[in-house]
There are 2 protein chains.
Amino acid sequence: MVYAGQGDARRSMALLWRAPGSADVRTGPGPKPGLSVDMIVEAAIAIADAEGMAALSMRAVGERLGRTAMALYTYVPSKSELVDVMHDRVLAELPAGYDLEDGWRAALTSWARDTWAFYLRHPWVLQVSQARPVLGPNEYGMLETVVRILHETGLEAGVLRRVVGTLIHFVRGAAQTIAETRQAPKATGVSDEDWWYARSAVLMEVATDFAERFPMVTWLERQGAFRVQDETVPYLEQEAREVFEVGLAILFDGIEAAMARAAL
Amino acid sequence: MVYAGQGDARRSMALLWRAPGSADVRTGPGPKPGLSVDMIVEAAIAIADAEGMAALSMRAVGERLGRTAMALYTYVPSKSELVDVMHDRVLAELPAGYDLEDGWRAALTSWARDTWAFYLRHPWVLQVSQARPVLGPNEYGMLETVVRILHETGLEAGVLRRVVGTLIHFVRGAAQTIAETRQAPKATGVSDEDWWYARSAVLMEVATDFAERFPMVTWLERQGAFRVQDETVPYLEQEAREVFEVGLAILFDGIEAAMARAAL
DNA sequence: CACGTTAGTTTATGCCGTAAGGAGATTCAA
DNA sequence: TTGAATCTCCTTACGGCATAAACTAACGTG
């Protein structure tokens with residue numbers, strides 16, 4: 001888990017809220033800066049997107065920019081501050097103004113799908129701690145978007161805030177499973193098929209009393225619950241996708257129930 | 001993120017499914033083993049519980065047992081296999097046989113609370129990748145428990161499996177937020193109060209147009225949605241707790257809606 | 001032109017997982 | 001009883017990581 005930088009709060013916040021692309025034109029002695037915060041953040045995001053958080057090192061970012069790792073410290077106080085800025089920067093991709101004409105449920109469905117897709121585009125975001133929000137502009141933007149949609153439900157503010165939390169937990173959780181699934185073959189060097197084949201064979205040897213020990217799991221399996229329709233998509237990914245769709249429906253039904261209860 | 005070991009599947013599975021406490025009495029030449037897999041796993045869990053996953057190093061585990069890091073490699077093929085065994089071992093703590101007399105909703109509430117408490121006792125478990133399940137006995141035990149409760153709902157097997165996934169996403173997500181919150185002061189050396197005080201002060205300076213830019217968030221804040229009742233519990237933790245309770249209710253209402261729909 | 005400022009480098013420290021090889025203990029076969 | 005085989009555990013070493021400290025070289029200003 002990557003934690004938010006604890007350095008000088010003023011410097012961190014300035015880094016986050018500074019207008020993007022602001023050149024910070026410096027006049028005075030000394031050599032011209034060859035890099036910029038924007039360039040560094042961009043390079044770091046490219047690495048994290050392509051190779052995952054584990055591959056994101058100061059050396060790697062520096063190398064991608066033709067510099068050493070230490071050169072970055074002129075622009076960014078530490079790796080964790082860099083991650084903070086990366087995080088908020090990338091959140092800017094999230095759409096904001098969902099159409100509320102067809103009601104909150106349609107808008108929230110779009111929001112959930114977009115957010116889910118966003119996490120899959122930048123899976124490393126899921127490894128940034130949520131404990132201490134970065135308090136960057138785009139983080140607030142994301143919150144603003146959900147609250148605006150849910151405001152349509154007429155739910156009381158306190159409940160609404162908790163519903164927001166619930167939705168985010170769910171979307172993050174669902175995306176995390178897929179993200180980890182996709183990462184696993186690269187991280188371990190073993191394909192899903194090979195892994196499952198090797199494991200399940202040994203499982204049957206080693207757990208001979210499986211059916212008696214886990215009757216409900218066995219029942220589920222015999223009911224075909226672990227089969228998927230689309231054979232072209234990897235099994236674990238397909239499963240995660242289905243959980244996402246069913247989970248969304250359940251959550252929305254639950255929100256409707258809460259509205260009905262509040263209306264009494 | 002910690003990934004499952006990709007070593008020899010047979011050796012891994014044997015490690016997982018071996019009877020706990022099995023002494024593996026070895027006869028033959030060579031000195032008597034001074035350690036055992038169980039001792040190592042226990043020590044590693046103690047470290048992870050107390051100091052977090054980041055502090056779990058082979059050197060640290062060795063030191064706790066009065067050995068060097070390399071001594072562990074006689075018993076365990078690699079760190080990632082050790083983490084697998086730790087994971088499955090600790091899952092054994094989860095209660096299994098929930099009483100179904102008062103219906104699935106009561107049982108599932110108990111299950112969710114227990115699982116949530118479990119994750120907070122062992123927050124590092126949330127950092128073990130779910131992508132490739134360890135396939136250990138206790139992982140199946142956990143699945144068995146939830147399926148047994150949900151079987152009461154009469155939902156079709158395919159839907160049931162997805163509901164299980166949804167519930168686990170939610171509980172994990174909720175626990176993760178609290179776990180990270182608790183970890184943060186230790187990891188960064190800055191208390192929640194200090195952190196928030198420093199950040200929010202700068203936020204007001206730097207984002208002067210906050211109210212116009214984020215009207216719904218401002219509305220939520222003015223409605224008092226970010227206030228908590230119990231002043232003695234840290235704010236972020238209290239918030240996470242409330243999200244958990246409200247989220248559970250919403251999910252259960254959603255499950256009931258799915259049942260009603262299926263009954264038509 | 002000298003001076004202070006700054007970008008970027010090199011070098012070093014102390015972590016990490018783990019490969020390689022060796023020392024000493026222990027058991028068994030001859 | 002002794003030599004060989006086997007096993008535990010150690011030391012050493014390698015290549016990675018973030019980053020502290022000291023240095024070089026470029027540059028604008030007096």
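Just the heavy atoms: all of them, side chains too, but no hydrogens, waters or symmetry mates, feed the values below.
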- Are A:R11 and A:E81 close enough for a salt bridge, meaning some N to O gap below 4.0 Å?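 Between A:E81 and A:R11 there is no salt bridge, as every charged N stays at least 4.0 Å from the carboxylate O atoms.
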
- Message: The criterion is side-chain hydrogen bond (donor to acceptor under 3.5 Å, both in side chains); which residues satisfy it with A:D114, sequence neighbours excluded?
- Response: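 side-chain hydrogen bond (donor to acceptor under 3.5 Å, both in side chains) list for A:D114, sorted by chain: A:Y98.
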
Look up atom [atom1] in [X] and atom [atom2] in [Y], then write down how far apart they are to the nearest 0.5 Å.
X      : Y      : atom1 : atom2 : answer
B:R67  : B:T74  : CZ    : OG1   : 10.0 Å
B:Q183 : B:L126 : CD    : CG    : 10.0 Å
B:E205 : B:S200 : CD    : OG    : 10.5 Å
A:M142 : A:T115 : CE    : OG1   : 5.0 Å

- Query: Can you give the first and last nucleotides of DNA chain C, 5' to 3', that have an atom under 4.0 Å from a heavy atom of chain A?
  - Reply: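 Nucleotide range in contact with chain A: C:dG4 to C:dT10.
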
Do [X] and [Y] make a side-chain contact, defined as non-hydrogen atoms from C-beta onward lying under 4.5 Å apart?
X      : Y      : answer
B:V125 : B:H87  : yes
A:L91  : A:F118 : yes
A:R161 : B:E242 : yes

For residues 45-65 of chain B, please give each side-chain donor-acceptor pair under 3.5 Å, one per line with the distance, not counting sequence neighbours.
residue : atom : partner : partner atom : Å
B:D49   : OD1  : B:H122  : ND1          : 2.6
B:D49   : OD1  : B:W124  : NE1          : 2.6
B:D49   : OD2  : B:H122  : ND1          : 3.1
B:S57   : OG   : B:A60   : N            : 3.0

- Item | Distance in angstrom units between B:R59 CZ and D:dA13 C1', rounded |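 Distance, rounded to whole Å: 11 Å.
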
Anything under 3.5 Å between a protein N or O and an N or O of nucleotides 27-30 of chain D, put it in a table, one pair a line.
residue : atom : partner : partner atom : Å
D:dC27  : O2   : A:G30   : N            : 2.9
D:dG28  : OP1  : A:K32   : NZ           : 3.4
D:dG28  : O4'  : A:G28   : O            : 3.3

- Query: In terms of heavy-atom contacts, does CD of B:E237 have more than 12 from other residues, nucleotides or ligands at under 6.0 Å?
  - Reply: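 For B:E237, atom CD is crowded (more than 12 foreign heavy atoms under 6.0 Å).
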
- Query: Taking atom CD of A:E139 as the centre, does the number of heavy atoms from other residues, nucleotides or ligands within less than 6.0 Å exceed 12?
  - Reply: yes

- Query: What does the inter-axis angle of the helix from C:dC1-D:dG30 to C:dA30-D:dT1 come out as, five pairs per end, nearest 10 degrees?
  - Reply: 30°

- Query: Which part of the nucleic acid, if any, lies within reach of B:L56 when heavy atoms closer than 4.0 Å are counted: base, sugar-phosphate only, or nothing?
  - Reply: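 Sugar-phosphate, no base atom in range.
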
- Task: For DNA chain D, find the residues of residues 68-76 of chain B with a heavy-atom distance under 4.0 Å and give them by number; none if there aren't any.
- Result: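 Per residue number, the list reads B:T68, B:M70, B:A71, B:T74, B:Y75.
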
- Parallel, tilted or perpendicular: which fits the ring planes of B:W17 and A:F210, with parallel below 30° and perpendicular above 60°?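 B:W17 and A:F210: tilted rings.
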
